[in-house]
S.K.: 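Dropping the structure in here first, questions after.
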Amino acid sequence: MTLRRRGEKATISIQEHMAIDVCPGPIRPIKQISDYFPRFPRGLPQDAALRTPAPPDAPARPAAASASSRSPSDGARDDDEDVDQLFGAYGSSPGPSPGPSPACPPAKPPEDEPDADGYESDDCTALGTLDFSLLYDQESNALHCTITKAKGLKPMDHNGLADPYVKLHLLPGASKANKLRTKTLHNTLNPTWNETLTYYGITDEDMIRKTLRISVCDEDKFRHNEFIGETRVPLKKLKPNHTKTFSICLEKQLPVDKTEDKSLEERGRILISLKYSSQKQGLLVGIVRCAHLAAMDANGYSDPYVKTYLRPDVDKKSKHKTAVKKKTLNPEFNEEFCYEIKHGDLAKKSLEVTVWDYDIGRSNDFIGGVVLGINAKGERLKHWFDCLKNKDKRIERWHTLTSELPGAVLSD
């Protein structure tokens, strides 16, 4: 024992100081953090705080007596046990459970966790969701895309809002020719469009190999429009003449396949009819209409016309040309040309159809073309074969215009 004089301050050694602060009681094993913070599907149940079950074999005792008869270390131990029982009733780890007690009914087992797909991902929460529906009208070869609404879009402007619109592309072969877009709604993160966009000239072959890309963007008058999010729907998921509704979380921009052949870039669609007339002893080629042509002029339109050739053309007399339709990307021609040729010779021929943009004072611009014949593939071969097989029957099909024609000499 150390004696000190009156008025002198008590000195405590560092060892005594550490013993007082660090060692208030006996050292006990440290529990794992998961014992105190178990995972729940949707957070801690509301009635968890109200449930503090006591051990079934512990007799009831007055609060005052129990408080006076236990030491501080016992209190800490009881607190830990209370926490263990509180969370253990809702934890995921199994353990021996006591029998039912009249004072405290057994805790109910936790509900099944919902599927992972039911949760919203971080991207979904950050970018928003989009509601839309798709309908493929097989008879009219039209794909109707109804953009309904979006919810919880990512803010893109300084005011915490956005000016969203939706644009559509068909992949592969995305280009300005097959881009459709909705109107822009200003200053909202929960826009409602209820707008239907329609692709014409969609064939069964397109429904097998094409994917619809739906992008949500923010319009900006003074800068480039900003991308918000997108989703992609393979058209093979759709049933003909059946409307399918979607509610999908928007994703970050997905990479585009750079290996895609540039010659397959789509420039629009054309509706062609073929018929071999036994009476006229010739092939009747009908140019009905075009849809979603590429814009070649500065005003965002084209002045299209169509030319046809029956190749090989030794005498260079097989050229036919339609009238020019001014300032349109969806012209209707309804013109028919006749090639006098024997039915047996058609197997050696191919029909070349090209679409051009008429310009005054300079050379005309090539928009796109298609070749039908025995050396073609897919719908182009099938159309030609059906024409040869069914005399005096008019067969009408849509075809995709591409930016290049392999082996063709393109000159106006």
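Side chains included, hydrogens not; waters and symmetry mates left out as well; all remaining heavy atoms used.
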S.K.: Within the structure provided, determine whether Thr245 and Phe132 are in side-chain contact (heavy-atom separation under 4.5 Å).
M.R.: no
S.K.: For a side-chain contact (heavy atoms from CB on, under 4.5 Å) check, start with the C-alpha distance between Asn241 and Tyr136, then their side-chain angles and the critical distance, and finish with the verdict.
M.R.: CA-CA 5 Å; Asn241 307 314; Tyr136 173 52; over 6 Å; no
S.K.: Does Glu195 come within less than 4.0 Å of Lys183, counting only side-chain N to carboxylate O?
M.R.: no
S.K.: Using a distance-only test with no angle check, is there a side-chain donor-acceptor pair under 3.5 angstrom linking Asn159 and Asn187?
M.R.: yes
S.K.: Salt bridge or not between Arg362 and Asp359? Use side-chain N to carboxylate O under 4.0 Å.
M.R.: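 Asp359 and Arg362: salt-bridged.
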S.K.: Check for me whether the distance between the ring centres of His320 and Tyr339 falls short of 6.0 Å.
M.R.: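 Yes, the ring centres sit under 6.0 Å apart.
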S.K.: Taking atom types as modelled and ignoring hydrogens, do the side chains of Thr184 and Glu219 form a donor-acceptor contact shorter than 3.5 angstrom?
M.R.: yes
S.K.: His399 pairs by side chain to side chain donor-acceptor pair (under 3.5 Å) with which of His383, Glu379, Arg380?
M.R.: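 Answer to the side chain to side chain donor-acceptor pair (under 3.5 Å) test with His399 among His383, Glu379, Arg380: His383.
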S.K.: Verify the distance criterion only: is there a donor paired with an acceptor across the side chains of Thr148 and Asp131 at less than 3.5 Å?
M.R.: no
S.K.: Testing the 3.5 Å rule here: is there a donor-acceptor pair between the side chains of Tyr165 and Asn225?
M.R.: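 There is such a pair between these side chains.
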S.K.: Does Lys149 form a side-chain contact (heavy atoms from CB on, under 4.5 Å) with Asn194? I'd like the steps, not just the answer.
M.R.: CA-CA 7 Å; Lys149 63 181 179 179; Asn194 289 324; over 6 Å; no
S.K.: Quick one: does His292's side chain get under 4.5 Å of Leu329's, heavy atoms only?
M.R.: no
S.K.: Knowing that exactly one of Tyr358, Trp356, Tyr305 qualifies, which makes a side chain to side chain donor-acceptor pair (under 3.5 Å) with Asn364?
M.R.: Tyr305
S.K.: Quick check: are there more than 12 heavy atoms from other residues, nucleotides or ligands sitting under 6.0 Å from CZ of Phe246?
M.R.: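 It does: Phe246 CZ has more than 12 such atoms within range.
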S.K.: Look at atom OH of Tyr301 and say whether more than 12 heavy atoms of other residues, nucleotides or ligands are closer to it than 6.0 Å.
M.R.: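 At most 12 heavy atoms, drawn from other residues, nucleotides or ligands, come within 6.0 Å of this atom.
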S.K.: Distance alone, cut at 3.5 Å: any donor-acceptor contact between the side chains of Asp392 and Ser278?
M.R.: yes
S.K.: Less than 4.0 Å between a side-chain N and a carboxylate O, is that true for Lys382 and Asp386?
M.R.: yes
S.K.: Checking side-chain polar atoms at under 3.5 Å, does Thr243 have a donor or acceptor matched by the opposite partner on Ser133?
M.R.: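 Absent: no donor and acceptor within the cut-off.
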